[in-house]
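In each ligand, atom 1 is the first atom listed, and ligand 1 is the first ligand listed.
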Amino acid sequence: MSTSPRKPRVFSGMRPSGTATIGNYLGAIRNWVAQQAEYDNLFCIVDLHALDTLTDPNEMRDNIHGLAATMFAAGLDPEIAPLFAQSDVPQHAELTWTLSAVTQFGELSRMTQFKDKTAGKSDAAINSSMFFYPVLMASDILLYDSDLVPVGDDQRQHVELTRDIANRFNARYGETFVVPKADIKEVGARIMSLQEPTKKMSKTDPNVNSFIALSDESDVIKRKIKRAVTDSDARVAASPDKPAVSNLMQIYGILADMSLSEVEDHFAGKGYGPFKAELTDLLVESLAPIHENLRMFAANPDEVTRRLEDGAAKARVLAEAKMSDVNRKTGVGGKLHR
Ligand code: AMP
Ligand code: TRP
């Protein structure tokens, strides 16, 4: 009798710091759903990662629930892809401390996300959690022997750091952690702001016209696409000097399953008006099934709680085993376990 080989473990996380955008969807959630049957998955709502920006506990609770409902509505199947809240598994925080002992101050100082988020701020305005953030992320990933981490392009450097941390721990204490790889797709990994196309689309952007939320209704989508900035000439063509239109074309292409040159051919000679109208229709059509599912979960919030609890129970079994192995290897604790 032959046993089937273990499926690679996929792990990824998302902050509950606002409503998920089409950037989160096209860069992350959509890929998680598309490949969930191929892998042994775990997905996490990283609430501890959102503590520095989300300071209202009711908002925190609502966002965790809302994001979970959105992920289920987008097709995450809890039977094969358990979803849980990070803080429901205490080992994430515990392992963070242990890993901080193999993470250099200099490495954390070089993280571009940290540099971007703190640029121009005084020391007193920067929480140390912002600095420490990548160590918590490394612990999320390493706790579950994750092989692949499907993320958008902005997380590439954090996954690289996770690999360095894993290698350093393994070198010091013996093979303990699987060294993970980032899984970043060629298209969709960097959806830009609709207002400033040189900036990443972000759910924490104070300008709501800069992003489309997965929960946006058709009239809101229509308005936001209408207001989306375009480039000076009127051609629907993708090129580095036309970042605004290239971004909209990328969104169109992914949803219509067309390459950028096919999108360009499709709109040849048509101008921005027809392009924006078709893009709006395509977005509305693509989000309709997600909206329908969201309404179902809104009517049944206990189902979302139940699924998150189930997910946490599954994650805890793995996290407890890994953390005891780590503690045994480092020698901490009162037991003379060797
Ligand atoms: P966050 O919302 O920052 O927690 O990001 C959750 C996931 O969505 C990560 O994998 C990000 O890389 C991805 N993501 C966030 N914003 C974008 C974007 N504008 N384009 C593509 N992927 C994104
Ligand atoms: N830092 C990621 C982001 O801002 C979210 C995240 C936290 C994550 N832990 C993770 C992503 C583990 C992948 C794996 O997008």
Residue, atom name and distance, where the atom is the protein heavy atom closest to atom 1 (N) of ligand 2: Tyr133 OH, 2.8 Å
Numbered atoms of ligand 2 (with element) below 4.0 Å of Val46, judged on heavy atoms: 7 (C), 9 (N)
Residue selection (non-hydrogen contact nearest atom 11 (C) of ligand 1) among Asp154, Asn247, Val187: Asp154
Distance from atom 20 (N) of ligand 1 to nearest protein heavy atom, with residue and atom: Ile191 N, 2.9 Å
Asp145 with Arg9: basic N within carboxylate O range, under 4.0 Å: no
Where ligand 2 meets Val151 - atom numbers and elements under 4.0 angstrom, heavy-atom basis: 11 (C), 13 (C)
Heavy-atom proximity to atom 21 (C) of ligand 1, best of Ala189, Ala50, Gly152: Ala189
Basic-acidic side-chain contact under 4.0 Å: Asp123, Lys121: no
Identity and separation of the nearest protein heavy atom to atom 8 (O) of ligand 1: Asn24 ND2, 3.1 Å
Nearest protein heavy atom with distance in Å, relative to atom 7 (C) of ligand 1: Met14 CE, 3.6 Å
Residue-ligand contact Gly188/ligand 1, heavy atom below 4.0 Å: yes
Region of Val159 engaging ligand 2 - heavy atom pairs below 4.0 Å: neither
Subset of ligand 2 atoms that lie under 4.0 Å from at least one heavy atom of Val149: 13 (C), 14 (C)
